[in-house]
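Every chain is numbered from 1, with letters handed out A, B, ... down the list of sequences.
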Protein chains: 2
Amino acid sequence: MKKGYCPIDTFIQSIKGKRKGTIILHLFIEKRRYNELAKLMPDISERMLSKQLKELEEDLLIQKTIYPEVPPRVEYSLTNLGKEIQPVLKSMFRAGIHLEKQMEK
Amino acid sequence: MKKGYCPIDTFIQSIKGKRKGTIILHLFIEKRRYNELAKLMPDISERMLSKQLKELEEDLLIQKTIYPEVPPRVEYSLTNLGKEIQPVLKSMFRAGIHLEKQMEK
DNA sequence: CAGCATCCGTGAGGATACTG
DNA sequence: CAGTATCCTCACGGATGCTG
């Protein structure tokens with residue numbers, strides 16, 4: 001991961017990628033397979049999804065478990081680091097609802 | 001402001017611009033003039049700074065007060081909406097420190 | 001099933017110079 | 001002092017197709 005100019009910048013960089021917030025939100029609930037995530041977020045292309053997943057993995061926020069089966073099975077879940085930012089993401093979610101209400105006016 | 005795919009996305013969009021987090025952080029402390037902000041963040045070009053300020057203003061997170069003096073004086077401060085997201089930004093700051101510690105390993 | 005490869009458009013953001 | 005204007009570059013992200 002790249003360190004930002006200040007801590008808040010670092011944090012934003014790690015979660016600002018396309019739909020990263022939503023991905024983490026889904027993984028809060030439970031671990032998910034690649035295709036499950038793809039179906040949960042139809043608006044994001046598969047190329048983008050795999051790219052974001054890889055970045056989140058490199059940033060140590062999520063991890064994947066590969067089961068050597070046929071057909072292949074891969075499950076994504078939060079790392080401990082990822083779980084630790086859960087309350088922050090939740091308050092961001094709430095703040096987002098608040099911002100959207102303001103936009104209506 | 002643009003509404004995102006979900007609230008957390010909306011929130012991220014409103015603060016992900018270049019150094020926006022830092023700008024808001026500075027305005028938490030006290031209202032600032034344009035040049036003060038520029039000096040506090042030497043890494044951002046003036047063009048970028050004025051652009052980010054304008055966007056934050058359009059998103060109703062900050063406001064500016066223009067004093068009809070010579071030389072001109074303009075002060076930027078947080079709106080009520082901006083103040084309301086303060087705790088969120090603060091926890092993002094703390095999380096950022098945490099992420100940076102992990103990066104060292 | 002879970003992806004990567006390739007090609008490509010758009011816009012975020014940088015550098016520099018100018019103005020009311 | 002507090003910005004705008006102009007130009008330019010590069011990486012974010014889209015679309016489509018292929019593979020272990």
Side-chain angles (χ1 to χ4, degrees), chain A residues 1-6 8-10 12-24 26-27 30-59 62-77, chain B residues 1-6 8-10 12-24 26-27 30-59 62-77:
Chain A
M1 196 206 313
K2 245 181 24 193
K3 190 171 177 175
Y5 297 101
C6 82
I8 200 167
D9 199 40
T10 301
I12 291 174
Q13 281 191 42
S14 71
I15 50 93
K16 77 168 183 175
K18 188 77 173 177
R19 312 306 319 275
K20 273 185 186 171
T22 315
I23 292 172
I24 300 176
H26 282 305
L27 296 182
E30 58 180 328
K31 60 182 182 322
R32 292 289 190 183
R33 301 178 62 170
Y34 177 85
N35 252 19
E36 290 180 315
L37 289 170
K39 280 171 193 163
L40 286 166
M41 293 172 287
D43 54 281
I44 182 175
S45 69
E46 302 219 354
R47 175 191 167 281
M48 253 310 124
L49 177 58
S50 68
K51 201 180 163 200
Q52 302 303 316
L53 287 170
K54 182 173 283 184
E55 287 180 14
L56 285 170
E57 197 189 349
E58 286 168 0
D59 289 354
I62 71 173
Q63 60 197 335
K64 63 177 178 181
T65 313
I66 302 174
Y67 297 89
E69 303 172 357
V70 179
R73 183 158 65 100
V74 177
E75 282 178 350
Y76 290 91
S77 57
Chain B
M1 195 203 315
K2 246 180 26 193
K3 191 171 176 176
Y5 297 100
C6 82
I8 199 165
D9 198 39
T10 301
I12 291 174
Q13 281 191 42
S14 71
I15 50 94
K16 77 168 183 175
K18 187 76 173 181
R19 312 307 318 277
K20 274 187 187 171
T22 315
I23 292 172
I24 299 176
H26 281 306
L27 296 183
E30 56 179 330
K31 59 183 183 322
R32 294 287 191 183
R33 301 178 63 168
Y34 177 86
N35 252 20
E36 290 180 316
L37 288 170
K39 281 172 193 163
L40 285 166
M41 293 172 288
D43 54 280
I44 182 176
S45 69
E46 301 218 354
R47 175 192 166 282
M48 252 313 124
L49 177 57
S50 68
K51 200 179 164 201
Q52 301 304 315
L53 287 170
K54 182 173 283 185
E55 286 180 15
L56 285 170
E57 197 189 349
E58 285 168 1
D59 289 355
I62 71 173
Q63 60 197 338
K64 64 178 180 180
T65 313
I66 302 174
Y67 297 88
E69 302 173 357
V70 179
R73 183 157 65 100
V74 177
E75 283 178 350
Y76 289 92
S77 58

- Return the minimal non-hydrogen interatomic distance between Lys31(B) and Ser77(B), and the atom names on each side.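 Closest approach of Lys31(B) to Ser77(B): CB-CB, 3.9 Å.
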- Query: Below 4.5 Å, heavy atoms only, C-beta onward: do Ile15(A) and Ile8(B) meet side chain to side chain?
  - Reply: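 No; the side chains remain at least 4.5 Å from each other.
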- Does some side-chain heavy atom of Leu49(A) sit less than 4.5 Å from a side-chain heavy atom of Met41(A)?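 In contact.
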Taking atom [atom1] of [X] and atom [atom2] of [Y], what is their separation to the nearest 0.5 Å?
X: Ile24(A); Y: Ser14(A); atom1: CD1; atom2: OG; answer: 7.0 Å
X: Glu36(A); Y: His26(A); atom1: CD; atom2: NE2; answer: 11.0 Å
X: Ile23(B); Y: Gln52(B); atom1: CD1; atom2: CD; answer: 6.0 Å
X: Tyr76(A); Y: Leu53(A); atom1: OH; atom2: CG; answer: 4.5 Å
X: Leu27(A); Y: Leu40(A); atom1: CG; atom2: CG; answer: 9.5 Å
X: Lys39(B); Y: Asn35(B); atom1: NZ; atom2: CG; answer: 5.0 Å

- Segment of DNA chain C, first to last nucleotide, that comes within the 4.0 Å heavy-atom reach of chain A: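 So the contact region on DNA chain C extends dC1(C) to dT6(C).
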- May I have the step-by-step check of side chain to side chain contact (heavy atoms under 4.5 Å, CB included) for Arg33(A) and Tyr67(A), ending in yes or no? CA-CA 11 Å; Arg33(A) 301 178 62 170; Tyr67(A) 297 89; over 6 Å; no
At a heavy-atom distance below 4.0 Å, what parts of [range] sit against DNA chain C?
range: residues 64-72 of chain B; result: Pro72(B)
range: residues 51-58 of chain A; result: Lys54(A)
range: residues 31-50 of chain B; result: Arg47(B), Met48(B)

- Message: Quick check for you: name the first and last nucleotides of DNA chain D, 5' to 3', having an atom under 4.0 Å from a heavy atom of chain A.
- Response: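 The contacted stretch runs from dG13(D) to dG20(D).
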Test of understanding: with salt bridge (Lys or Arg N to Asp or Glu O under 4.0 Å), list the residues that count as partners of [X], not counting sequence neighbours.
X: Glu57(B); answer: none
X: Arg73(A); answer: Glu69(A), Glu75(A)
X: Lys20(B); answer: Glu55(B)
X: Glu46(B); answer: none

- Set of residues satisfying side-chain hydrogen bond (donor to acceptor under 3.5 Å, both in side chains) with respect to Thr22(B), sequence neighbours excluded: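 Per chain and number, Thr22(B) pairs via side-chain hydrogen bond (donor to acceptor under 3.5 Å, both in side chains) with Arg19(B).
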- Listed by chain and number, what are the side-chain contact (heavy atoms from CB on, under 4.5 Å) partners of Ser50(A), not counting sequence neighbours?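 side-chain contact (heavy atoms from CB on, under 4.5 Å) check on Ser50(A) returns Tyr34(A).
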- Message: If the helix axis at each end comes from five base pairs, how far does the helix from dC1(C)-dG20(D) to dG20(C)-dC1(D) deviate from straight, to 10°?
- Response: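 Answer for the end axes of this duplex: 60°.
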